[in-house]
Each structure stands twice: as C-alpha cells, then as structure tokens.
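A, B, ... follow the sequence lines: proteins, then strands. Residue 1 opens every chain. Computed from a predicted model, the values in this text were never measured in an experiment.
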There are 2 protein chains.
Amino acid sequence: MDVLKLENQLCFPVYALSRHITSLYRPHLENIGLTYPQYLVMMVLWEHQHVTVKELGNKLWLDSGTLTPLLKRMAENGLLIRKRSEQDERVVNIIITEKGENLKQEAVDIPSKLIKELATDEKQFFLLQKQINQILSVKSSQNV
Amino acid sequence: MDVLKLENQLCFPVYALSRHITSLYRPHLENIGLTYPQYLVMMVLWEHQHVTVKELGNKLWLDSGTLTPLLKRMAENGLLIRKRSEQDERVVNIIITEKGENLKQEAVDIPSKLIKELATDEKQFFLLQKQINQILSVKSSQNV
DNA sequence: TGCAATTAAATTGTTTACAATTTAATTTTA
DNA sequence: TAAAATTAAATTGTAAACAATTTAATTGCA
C-alpha cells in the first residue's frame, strides 16, 4: 500500500468531514448571526454564563490568538461582555448578555436539523464516528 | 439531554480532532517545508504528476478561492508549475516539478510517525474513526 | 523584601477557508 | 452565426487558526 496516496489517508477524511459539517451548519448559523466557532463559544456560555478566556480555550482547544479577536467580534454583536477580573488583572472574564441568553431559543432546533442533514435518522447520526468514510463518499457522489 | 451542551455535540469532536491531527503533522511537515493542505496537494501530484485546478478542487473539496493562492505559494517554492491550458484557456494545469517529485522521499516516513503519535499501534490507528471520542479524551487529559 | 519565573491575554504575521463577485473563455441555442 | 448561458480561475473581503512574541500582572523563592 502506498502510504502517500490520498485515498489511503485516514486523516484526510476527518479534515474533509470537519469542513463538510461546518458547511452544513453555516446556513442555519447565518440565520442567527453566528459562525461555527462562535456557536461553540455560545454553547459554553449557555451552560456556564461566564468563563475566563483561559477556561474557554481549554474547553474548545483554542488559544488567545484565536479567541481574542473572535470574542471581540462577539462583544461587538452584543452577545457577551469582556471584563477584566478585579482579583487578577491578567484574567479576562467572558459574561453572556441578555441578548446572548435569548439567542439560545433560536439555536435550539439546529442540532436536530443537522442530524437530518448528516444522516438519514438519529440512530445513524450516533454511529457517525464509525461511518466517516461512508458519509464522505455520499457527499463525494453528490458533488460529482 | 440538552442538545446545546458542548459535551453532547458529535460534530465538535470531529472539528477538534481535525485540528489535533493537523497539529501533529505540523512539525514533520515543517521539516520539509509544507503545510497540511500543501501536503494534500503534493499527495495528489505524487500520484498523478499533473491535474487541473478543478480536478484538485474535486479531490480535496476546496475551491479556487482557497487553491489559487495556495498553489501560487507552492509554485514560488518550486514544487509545481502553473500552466494555462492551450486547448482551453480557462483551465490551469498544475504540474509537479523535479523538486516536487524529490520531496516524496522526504515525506515517506511521515504517515508511520503519525500513526505512532495518534495511537499506540497500527491496529488501533485503523480503528481511528470508531474512536474519535476516546482519542480526544486522551488528548484532553494530557492538556490539563 | 525584591527579583526571577510564571501566567493570561493581546499582538503580529502567515496561511487557510469560503462566500460573493469578476474576468475571460467556451458552449449552447435561438 | 451571434447573443445568452455556462464554465474555470482569479479576486475581494471576512473570519478563523496558530506560531511566536510582547505586555502586564502575579507568584515563588533566594
């Protein structure tokens, strides 16, 4: 087996599926004014109301180089507030706003829509990780 | 189950794993002067020697907006030549150079290194897609 | 105590991604 | 055959990602 053939790669399907999933989310998230990484931030805030940038980075595996500009954009859109901690001036707290809280109602139907788009039924969705290649071949045949 | 909790997402692990894999590739690819998407292009060229931008886009699921600047950088690095087709002036052919061909020898050991870094043995690697969450939880515990 | 080490964000610079539009060439069809 | 439709790349603009560095605050320890 030629280990440098694209078809023999196991990493490429993960990379391609990740972008495919993001593209499925995009139209739904666009309706509520979010990008996919911003949606991930909102999910953390819907659960916790406030987190530090550091904590957010640990949960999403993103560093401040990615998060700082992303959170500034979200603050401009009124979804959260960036507030430097008074106990430790190095720390920046990210606090969800009323507008951010309200957005949850508009987002609540998105996951079920994604399930429908990614797979034919819920059961198949929960086997997703086992079926990366199969789903990619479906997308592939749709595109050709 | 709260469908908007991060821990209940099935798409986030795919997104996180994809970035994790890229970060594992990075030091190896840096040694031979490639980024991960550029490495994907080289794999196509090592197999086919020449392709059109359109064909490359179909294989990698990337559009000309991504590929054009990426291919220009690779052409600057001498890995390939961009040559507009004479039969159809709309088409741009991407042709691998001698330097690009020679790079394959330097890349040939990378996949086996990745297997070792992603999983403990080759068998486990081939179960990768079934184990996304498990591998992510390993990475998670390493990071905390 | 006071200086070195560590830590948290921010900044800088480069490289993807990708939507939307533009440009130029080729096909189709009225 | 000439205008309309289609196609392939390129361009423009925005938003991630992330390495490397910088800034400023806090901790640790000599």
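Across all strands shown, A/Thr52 has heavy atoms under 4.0 Å from sugar-phosphate atoms exclusively, and none from any base.
At distances below 3.5 Å, not a single donor-acceptor pair connects side-chain atoms of B/Asn58 with backbone N or O atoms of B/Trp61. Of the possible polar contacts, one joining the A/Gln49 side chain to the A/Trp46 backbone as a donor-acceptor pair under 3.5 Å is found. Proximity of a side-chain donor or acceptor of A/Ser18 to a complementary backbone N or O of A/Tyr15 within less than 3.5 Å is not detected.
A/Gln105 CD: more than 12 foreign heavy atoms inside a 6.0 Å radius. Annotation: B/Glu86, atom CD; neighbour count of heavy atoms from other residues, nucleotides and ligands within 6.0 Å does not exceed 12.
Think of the region where chain A sits on DNA chain C: with heavy atoms and a 4.0 Å cut, that region ends 5' and 3' at C/dT7 to C/dA19.
Considering only heavy atoms from C-beta on, B/Leu114 comes within 4.5 Å of B/Leu24 through its side chain. For the pair B/Thr22/B/Arg26, a side-chain contact is recorded, criterion being any heavy-atom separation below 4.5 Å from C-beta on.
For the residue pair B/Pro111 and B/Tyr39, the shortest heavy atom distance occurs at CG-OH, 3.8 Å. The two atoms that bring B/Ile95 and B/His50 nearest to each other are CG1-CB, 3.9 Å, heavy atoms only.
Annotation: side chain to side chain contact (heavy atoms under 4.5 Å, CB included) contacts of B/His48 (sequence neighbours excluded): B/Val44, B/Val51, B/Lys59. In this view, A/Arg82 and A/Thr68, A/Leu71, A/Lys72, A/Ala75, A/Leu80, A/Val92, A/Ile94 satisfy the side chain to side chain contact (heavy atoms under 4.5 Å, CB included) rule, not counting sequence neighbours.
Within residues 63-75 of chain A, the residues approached by DNA chain C to less than 4.0 Å at the level of any non-hydrogen atom are A/Ser64, A/Gly65, A/Thr68, A/Lys72, in residue-number order. Contacts with DNA chain D (heavy atom under 4.0 Å) in residues 28-40 of chain A: A/Thr35, A/Pro37, A/Gln38, listed by number. Proximity of residues 85-94 of chain B to DNA chain D (heavy atom under 4.0 angstrom from any strand atom) is restricted to B/Arg90, B/Val91, B/Val92.
B/Tyr15 has a side-chain polar atom (N or O) that falls below the 4.0 Å cut-off from OP1 or OP2 of D/dA17.
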Q: Would you please test A/Met74 and A/Leu70 for side-chain contact (heavy atoms from CB on, under 4.5 Å) and show each step?
A: CA-CA 6 Å; A/Met74 295 179 76; A/Leu70 190 153; 3.4 Å; yes

**Q.** Candidate pair A/Leu34 and A/Tyr25, rule side-chain contact (heavy atoms from CB on, under 4.5 Å), full reasoning
**A.** CA-CA 10 Å; A/Leu34 292 176; A/Tyr25 269 106; over 6 Å; no

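Along DNA chain C, the nucleotide nearest to A/Glu55 and the one nearest to A/Arg26 differ in position, and the one closer to the 5' end is contacted by A/Glu55.
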